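Presented below is the structure to which this report refers.
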Number of protein chains: 2
Amino acid sequence: MAQAIKIRQASSPLKASCHQCSLSNLCLPLAIEDNDLDRLEDIVQQGRIYSRGEHIFDQSTPFRSCFAVKSGSVKTSIITEGGEEQVTGFFMPGELIGLDSMSSDSYACTARALERTSVCEFPVGKLEELTGKLPELQHHMYHLMSQEIQNSHQLALLLSKNTAEERIASLLLSLSSRFQRRRMSPTNFSLPMARNDIANFLGLAVETVSRVFTRFQNQGIIRARGREVELLDIEALQLVTREFARQGCQS
Amino acid sequence: MAQAIKIRQASSPLKASCHQCSLSNLCLPLAIEDNDLDRLEDIVQQGRIYSRGEHIFDQSTPFRSCFAVKSGSVKTSIITEGGEEQVTGFFMPGELIGLDSMSSDSYACTARALERTSVCEFPVGKLEELTGKLPELQHHMYHLMSQEIQNSHQLALLLSKNTAEERIASLLLSLSSRFQRRRMSPTNFSLPMARNDIANFLGLAVETVSRVFTRFQNQGIIRARGREVELLDIEALQLVTREFARQGCQS
DNA sequence: CGTCCAATTTGATGCAAGTCAACTTGTTAC
DNA sequence: GTAACAAGTTGACTTGCATCAAATTGGACG
């Protein structure tokens, strides 16, 4: 713990270079013109490297910054009074964490690295100041936040209306398209999270997740060995996610 | 339909008075100082009155405005390709609708009046322009949007981890505190929505909702006749919502 | 004030997914 | 390399809620 603090202090003033960042077409820089990029670089801080399981921030601690994932991946979760955990999201490079905390003085969730992960840090005070000056950046913030609301509504839909198979198919497809956006293989990737996290996120028991994976595998839709996944038949997966809908309206 | 359009055009240029609005301590004006309130009044439009069931906006139509509920109440829902509906929220006076649509050119959900309802309309272009000039208003928008993300996460938690009784108890308590905020009775109110909407929102079957209501009634926790509800034992309700947690960690 | 349709309630039955338990496979550390 | 533990899989059994069906209430309207 003491060591972690020391490292953070040491690397904290490091300035990040958005100009050279390969994710600039996904992350906040996406919204701004080249000559305004400097102003974003002025406020962003190069975060430190987190190893697997380390907390980037903790629920109920003072809210200071939003974070963009540079490499690796992150899961966010909320903990209830009774100690129940609900995973609220998985974040991949180029995605922004902490937007759900902008209404309060403390973080609304806990973020922890799922693997070796590096982040960029945007102190929220400076960020708000800057979005007040750059309308496109403000617009982009609204965009990102409303996107997150939509995602969360989609999750609620998934949780309340869909079967285990449909939920898992949806998650696989979501991950697939997010890998593709980063110009990685949409059919052949390694899951950053454990079965346990998948189960928690999708409101299922671990055993159910496991069973569905093997079922999909037996049907030749995917191949899975531990966290390595290959989507053999994306159309079949898409069909699974719409299964429910198809039965609802036969016409 | 043609008539609806005519009415809207006729009443559209009407300016609303935030100064005199009794909800100004809940709504957007909450964030701004008195002398800036005029600028908000300049962009807000007095919306028309909607009768029960009427659509305030429709999913996939061009996104133009956010709306604040003045009186009455509103439900928002998303419709899937297959025609499945998922109610994503209930909105009461002073609350803002449309925040989930700010990422796109079209509305992400459909909003319809649950009863006779009046709204104020904030054209999104002008709103963004104004938040760029008034830092407190921008801050408040971030606040509201992040609040909505948190709400949605809470809903996901409810849907994935809680029993039917817990979900319904949570909803009743949420409504109760929202009535209280408006200085109305927190124990004695009339549900603005049908059992069907409650069921859909909470991911349950109508029959289950009905059964839980009668069970609560038999236990003396609530009294319910149709939409009229009286919370007889709020502490018992709170206990129900934590039931799950308590079993998880016995200590 | 009775008619008609929608909303709500109540009961009986079935099933998807949870739980419990045992086993297998991976991973970490020495 | 192997010990020791965590993560994942598989099977047997249980259960909360959905579904189906039918009865009851309530509200809109002529």
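This structure is a prediction, so every number in the text was calculated from the model and none was measured. Values below: all heavy atoms of this structure, side chains included; hydrogens, waters and symmetry mates excluded.
The number of heavy atoms from other shown groups lying within 6.0 Å of CZ (B:Arg182) is above 12.
What separates CD of A:Glu207 from C1' of D:dT14 is a distance of 14 Å, to the nearest Å. Protein atom CZ of B:Phe216 is 18 Å distant from nucleotide atom C1' of C:dT10, rounded to whole Å. If you take CD of B:Glu228 and C1' of D:dG27, they are 14 Å apart, rounded to a whole angstrom. The distance between atom CZ of A:Arg195 and atom P of C:dT25, rounded to the nearest whole Å, is 15 Å. Taking atom CD of residue B:Gln217 and atom C1' of nucleotide C:dT8, one finds them 13 Å apart after rounding to whole Å. Between A:Leu204 atom CG and C:dG18 atom C1' there is a gap of 10 Å when expressed in whole angstrom units. With rounding to whole Å, B:Leu202 atom CG is found 15 Å from D:dA18 atom C1'. As a whole-Å value, the separation of B:Arg215 CZ from D:dC17 C1' is 10 Å.
Both B:Arg52 and B:Arg167 lie close to DNA chain D; mapped to their nearest nucleotides by heavy-atom distance, the more 5′-ward contact belongs to B:Arg167.
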Test side-chain contact (heavy atoms from CB on, under 4.5 Å) on B:Arg116 and B:Arg52; report intermediate values, then the result. CA-CA 5 Å; B:Arg116 195 153 230 280; B:Arg52 182 142 85 84; over 6 Å; no
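One finds no side-chain N or O of B:Thr208 lying less than 4.0 angstrom from the OP1 or OP2 phosphate oxygen of D:dC17. OP1 or OP2 of C:dT10 has not a single side-chain nitrogen or oxygen of B:Ser210 nearer than 4.0 Å.
Note on B:Glu121 versus B:Lys70: no salt bridge recorded, every NZ/NE/NH1/NH2 to OD/OE distance being 4.0 Å or above.
Considering only the side chain of A:Thr163, C:dA17 comes nearest among D:dT10, C:dA17, D:dC17.
B:Glu165 contributes no side-chain N or O that forms a donor-acceptor pair with the base of D:dC17 under 3.5 Å. B:Arg225 contributes no side-chain N or O that forms a donor-acceptor pair with the base of C:dT9 under 3.5 Å. A donor N or O paired with an acceptor N or O is not found under 3.5 Å between the base of C:dG18 and the side-chain atoms of A:Arg211.
Between the A:Arg227 side chain and the A:Pro192 main chain, a donor and an acceptor come within less than 3.5 Å of each other. Of the possible donor and acceptor atoms, one in the side chain of B:Ser170 sits under 3.5 Å from a partner among the backbone N and O of B:Glu166.
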